[in-house]
Amino acid sequence: MSNPYLSYTTEQTCADLETDVHNGLSNIQDIAKRHTVYGDNDLAVDDDESIVVQFLKQFIQDPLILLLFASAAISILLGNIDDAFSIALAIFIVVTVGFVQEYRSEKSLEALNNLVPHYCNVIRSGVTQHVVATKLVPGDLISLQIGDRVPADLRIVDAVEFEVDESNLTGETNPRKKITEPLVSNLPLGERSNMAFMGTLVRHGHGRGIVVATGADTEFGRVFLTMRETEKPKTPLQNSMDHLGKQLSAISIAGIAIIVLVGFFQGKNWLEMLTIGVSLAVAAIPEGLPIIVTVTLALGVLRMSKKRAIVRRLPSVETLGSVNVICSDKTGTLTMNHMTVTKMYTPGMTTPCIIPDGDHLDFSIEKTVGMNKLLLSSALCNNSKRHVNKSDAILDTTNPWAGFPVDVALTECCERFGLNDPRGSYPRLSEMPFNSERKYMSVIAHYNSTKTTFMKGAMDQVLKSCAYYTDSAGTQHELTPYMRDEIRKHEMDMAKTGLRIIAAASGILPNKLVFHGLFGINDPPRPYVRESIQQLMTGGVRIIMITGDSIVTAVSVARALGMAIPSSDQDAIQNYAITGDQLDELDDSSLRDVVSRAVVFARTTPNHKMKIVKALQSLDDVVAMTGDGVNDAPALKLADIGIAMGRQGTDVAKEAADMILTDDSFATILHAVEEGKGIFNNIRNFITFQLSTSVAALSLIAISSLFGLQNPLNAMQILWINILMDGPPAQSLGVETVDDDVMMKPPRPRNAPILTVQLLKRVLLSAFIIVFVTTLVFKVEMKDGQVTARDTTMTFTCFVLFDMFNALSCRSETKSVFKLGIFSNRMFNIAVGGSLLGQTLVIYVPLFQKIFQTEALGFKDIVTLLIYTSSVLWVDEIRKWYLHRKGLVRTKSTYILGNV
Ligand SMILES: Nc1ncnc2c1ncn2[C@@H]1O[C@H](COP(=O)(O)OP(=O)(O)OP(=O)(O)O)[C@@H](O)[C@H]1O
Ligand SMILES: [Ca+2]
């Protein structure tokens with residue numbers, strides 16, 4: 001499809017869209033009007049099907065429901081209007097429960113899409129504003145820089161080394177260079193070099209563009225709409241649920257066929273047998289299972305987002321529970337990224353000068369000429385700036401500064417020494433900006449009428465370019481090897497206390513600079529990080545720090561955070577820490593060896609992250625990796641869980657990540673892993689519940705058929721049991737709060753099956769008790785040889801109460817429900833309360849009595865049944881007690897005791 005804007009000049013584009021190439025749109029009413037015409041700039045599409053249609057569809061989708069309809073129709077033909085009515089009502093209830101769940105699952109999935117709002121910089125009335133991308137309209141002028149996500153389809157009007165990665169649209173992995181000149185109008189997507197498309201990512205440079213299409217009109221919108229028609233990919237868990245469902249269906253259908261045949265040869269009423277058979281099929285097949293899994297995952301994701309971890313893809317929730325290595329950035333994740341200069345060193349000092357804490361400008365440190373030179377270099381080679389007014393500080397109104405935290409710390413230090421911003425007095429001619437590969441920043445400025453280089457950065461980088469140094473008096477000397485060692489020694493001493501070291505220099509010849517000294521910058525650990533690391537480690541998760549800082553600083557910080565690192569520096573640096581350069585020297589097998597024990601990776605560039613993830617994965621580890629920069633994206637994609645920083649992170653990192661931390665804090669990762677493990681446990685719990693009910697219902701009918709007894713439950717009753725099993729009680733097990741003990745258990749191995757032998761044993765044990773006691777109750781009630789309403793009511797109620805007690809004990813696999821607190825899961829209380837209320841209506845309200853063929857039970861009956869049916873809970877409590885006694889369960893308390 002052609003696009004006219006391709007062949008327009010930038011002026012023609014602006015004229016066509018009635019906008020301005022410098023100031024953007026200026027008229028608020030005009031913007032509002034465009035917004036009403038074009039709508040929000042997002043891809044939310046209205047559901048094309050009404051709820052009613054969706055609901056009605058449910059009736060014809062399931063073959064079992066159709067079979068039930070058939071038996072209702074046959075009943076009418078045979079004149080059993082009552083039966084037909086009952087069956088119809090049952091169908092209605094079963095379908096409604098199914099529909100409500102499916103609808104809920106869809107709604108919660110939709111809610112997930114809105115968790116990560118996209119922001120962008122739009123220029124309106126000549127002012128740059130940071131706004132949510134959905135508010136954009138055609139004609140808006142957008143400013144883009146490296147790391148940004150393109151918010152709509154744009155015609156580029158300004159491009160400086162502007163390169164955009166369009167792989168998610170065109171599949172082309174090399175970034176495409178963008179230009180402003182007009183082209184011909186019918187180019188394929190990949191060659192439209194003067195346009196940028198929604199959802200693509202800026203890899204280099206910066207530029208500006210005019211919005212020419214928003215929302216569903218964008219190229220991405222078109223792809224998205226066709227993609228929606230293809231099926232959504234399922235998570236591994238959902239797939240194995242589907243698989244399990246199919247297996248169970250096959251087994252149940254075979255079983256049911258036998259039951260129906262046997263009944264038929266025993267000369268039972270064939271229509272009744274058919275109806276029971278179909279109802280049994282409806283009940284025994286856990287068709288609700290995949291939906292409950294989805295809802296549980298989605299609700300888990302919503303819960304996590306409240307704890308500031310946004311999971312972008314459902315499968316990640318499952319993976320989180322298996323993570324056994326977390327590789328974390330240091331600055332900003334483990335530490336606050338709030339930096340202050342606490343020490344200064346100039347050559348010749350015996351000990352560094354300590355800068356006292358606090359904001360006071362009046363402190364009694366004598367500023368030597370050498371210190372002045374050090375400060376001046378750091379002030380000139382600096383990009384921090386104070387926000388002029390509040391609206392500049394869009395992201396974080398509490399922070400009055402913009403710029404790298406190191407730059408801010410240095411400027412603040414200069415201010416405290418009374419050195420006001422000198423950048424105005426010495427105009428900057430050129431700049432080498434700081435980045436994590438380069439590890440320094442340098443500028444050339446017009447200083448005392450000569451072009452002078454000012455440099456600051458990691459010490460090795462700076463020292464490499466230096467040939468001289470200044471002493472305290474400001475006198476220049478040659479930088480002898482002895483002096484280099486002396487400086488290194490001081491750097492070491494400062495770094496050992498966890499300070500980040502920045503060196504500064506200046507000079508006329510760029511490779512013969514004059515070294516002025518060092519700053520020691522403190523960046524305190526974030527609160528709760530130490531505790532989180534401790535908890536993760538006791539849960540069998542390894543924590544690795546990856547940082548651009550020096551090895552000595554990094555080791556010191558790692559130790560302060562309680563990471564697994566020995567207290568001797570010698571040992572630590574030899575065996576537990578490694579630099580990026582050393583990493584590059586290793587062959588594959590020694591790389592694996594290093595990666596399997598190292599705790600600190602220092603002086604790394606983003607490319608090292610890839611190497612580390614690959615090596616860890618080759619050791620079969622499940623790796624979580626944090627990152628924020630453009631260059632972190634490949635590692636984030638490769639990691640099993642890529643984690644991007646919500647505040648510091650670029651859009652590129654966020655798009656590549658599976659999870660986003662909205663507070664950038666390491667402690668949040670702990671919460672997410674906890675939830676991930678917890679959700680998986682919950683899923684196992686409701687599977688246990690559903691399976692045991694399903695097995696029990698099937699065996700109950702099978703056994704009574706094989707022994708030639710009457711049917712202990714009628715079709716309506718079986719369908720009612722199905723609602724309890726597939727419906728609210730099962731769902732409520734999925735929202736059980738995460739147990740503290742979850743972090744004591746080691747991560748689940750990759751691809752570990754859900755159905756373990758242990759789980760199956762538990763299912764069979766519970767099912768056995770339910771079947772045994774229910775059959776007994778039925779036998780006792782049937783002493784007269786006649787099946788009366790009372791008999792089935794007793795059996796039916798017995799089964800339902802069993803189900804409730806079973807659900808209660810399924811709330812945890814290993815922990816006593818009395819320890820969990822019987823009433824601690826609110827949704828469970830509501831679900832079980834509702835089920836019991838429903839059961840009461842079914843046996844006491846005349847209309848329902850007729851439908852379900854029940855009759856009122858006495859108080860004594862109910863008490864007896866409660867005593868019988870609670871057995872399933874008691875037996876499971878004994879099982880749990882036994883597990884603990886045998887020490888088969890690791891809990892917080894046993895762990896603490898074990899450590900005393
Ligand atoms: N603004 C800056 N100007 C000059 N040099 C800097 C600046 N910031 C950091 N450095 C130097 O570069 C080194 C690496 O910094 P970088 O920001 O890449 O690491 P980091 O933030 O610790 O990495 P990570 O966030 O992955 O933990 C630092 O040790 C410091 O010496
Ligand atoms: Ca079912």
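In listed order, ligands and their atoms are each counted from 1.
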Problem - Nearest non-hydrogen protein atom, atom 14 (C) of ligand 1 - result: Gly548 O, 3.3 Å
Exercise for the section: Indicate the ring-plane relationship of Tyr345 and His490, choosing parallel, tilted or perpendicular according to the 30° and 60° boundaries. Expected result: parallel
Fill in the blank from the handout: If we number the atoms of ligand 1 from 1 as shown, the ones under 4.0 Å from a heavy atom of Ile546 are 26 (O), 27 (O)
Practice task
Tell me yes or no: between the side chains of Ser590 and Asp593, is some donor less than 3.5 Å from an acceptor?
Solution key: no
Practice task
Ignoring hydrogens and angles, state whether a donor on the side chain of Asp407 or Asn383 is under 3.5 Å from an acceptor on the partner side chain.
Solution key: no
Handout entry: Distance-only N or O hit between ligand 1 and Asp628, under 3.5 Å
Key = no
Handout entry: Nearest-neighbour protein heavy atom for atom 30 (C) of ligand 1, which is reported as residue plus atom name and distance
Key = Ile502 CD1, 3.6 Å
Practice task
Specify whether Tyr119 and His130 have parallel, tilted or perpendicular ring planes, treating 30° as the upper limit for parallel and 60° as the lower limit for perpendicular.
Solution key: parallel
Completion exercise
In this structure, atom 26 (O) of ligand 1 is nearest to the protein heavy atom Asp329 OD1, 3.3 Å
Exercise for the section: State the atoms of ligand 1, each with its element, that fall below the 4.0 Å cut-off from a heavy-atom position in Phe404. Expected result: 1 (N)
Handout entry: 4.0 Å heavy-atom contact, Met545 with ligand 1
Key = no
Practice task
In plain terms, say whether Lys439 and Asp460 are close enough for a salt bridge, that is, a side-chain N and a carboxylate O under 4.0 Å apart.
Solution key: no
Exercise for the section: Quick one: look at Thr604 and ligand 1, take heavy-atom pairs under 4.0 Å, and tell me if it's side chain, backbone, both or neither. Expected result: neither
Exercise for the section: May I ask you to decide whether Lys637 forms a salt bridge with Asp658, counting only side-chain N to carboxylate O separations under 4.0 Å? Expected result: no
Exercise for the section: Check step by step if side-chain contact (heavy atoms from CB on, under 4.5 Å) holds for Asn522 and Met339. Expected result: CA-CA 6 Å; Asn522 185 31; Met339 308 204 184; over 6 Å; no
Problem - ligand 1 atoms in contact with Ala458 (distance to a heavy atom under 4.0 Å) - result: 11 (C), 31 (O)
Exercise for the section: Between Ile501 and ligand 1, find which residue part has any heavy-atom pair under 4.0 Å and reply side chain, backbone, both or neither. Expected result: backbone
Fill in the blank from the handout: The option among Lys330, Met455, Arg500, His608 carrying the non-hydrogen atom nearest to atom 22 (O) of ligand 1 is Arg500
Handout entry: Salt-bridge criterion met for Arg308 and Asp663 (N-O under 4.0 Å)
Key = yes
Handout entry: Minimum heavy-atom distance between Arg530 and Gly562, given as atom pair plus value
Key = NH1-N, 3.4 Å
Problem - Salt-bridge contact Lys609-Asp632 (side-chain N to carboxylate O under 4.0 Å) - result: yes
Exercise for the section: For atom 6 (C) of ligand 1, find the nearest protein heavy atom and state the residue, atom name and distance (0.1 Å precision). Expected result: Phe434 CE1, 3.2 Å
Exercise for the section: Taking only Lys NZ, Arg NE, NH1 and NH2, and the carboxylate oxygens of Asp or Glu, determine whether Asp549 and Lys330 approach each other closer than 4.0 Å. Expected result: yes
Completion exercise
Here the atoms of ligand 1 under 4.0 Å from any heavy atom belonging to Asp407 are 1 (N), 2 (C), 3 (N)
Practice task
Check whether any N or O atom of Ser436, backbone or side chain, sits under 3.5 Å from an N or O atom of ligand 1, and answer yes or no.
Solution key: yes
Handout entry: Sub-3.5 Å N/O-N/O distance, Tyr440 and ligand 1
Key = no
Fill in the blank from the handout: Atoms of ligand 1 under 4.0 Å from any heavy atom of Asp549, numbered from 1 in the order shown, are 22 (O), 28 (C), 29 (O)
Practice task
Give the residue and atom name of whichever protein heavy atom lies nearest to atom 5 (N) of ligand 1, and the separation in Å to one decimal.
Solution key: Gly457 CA, 3.3 Å
Problem - Side chain, backbone, both or neither: Thr331 near ligand 1, heavy atoms under 4.0 Å - result: both
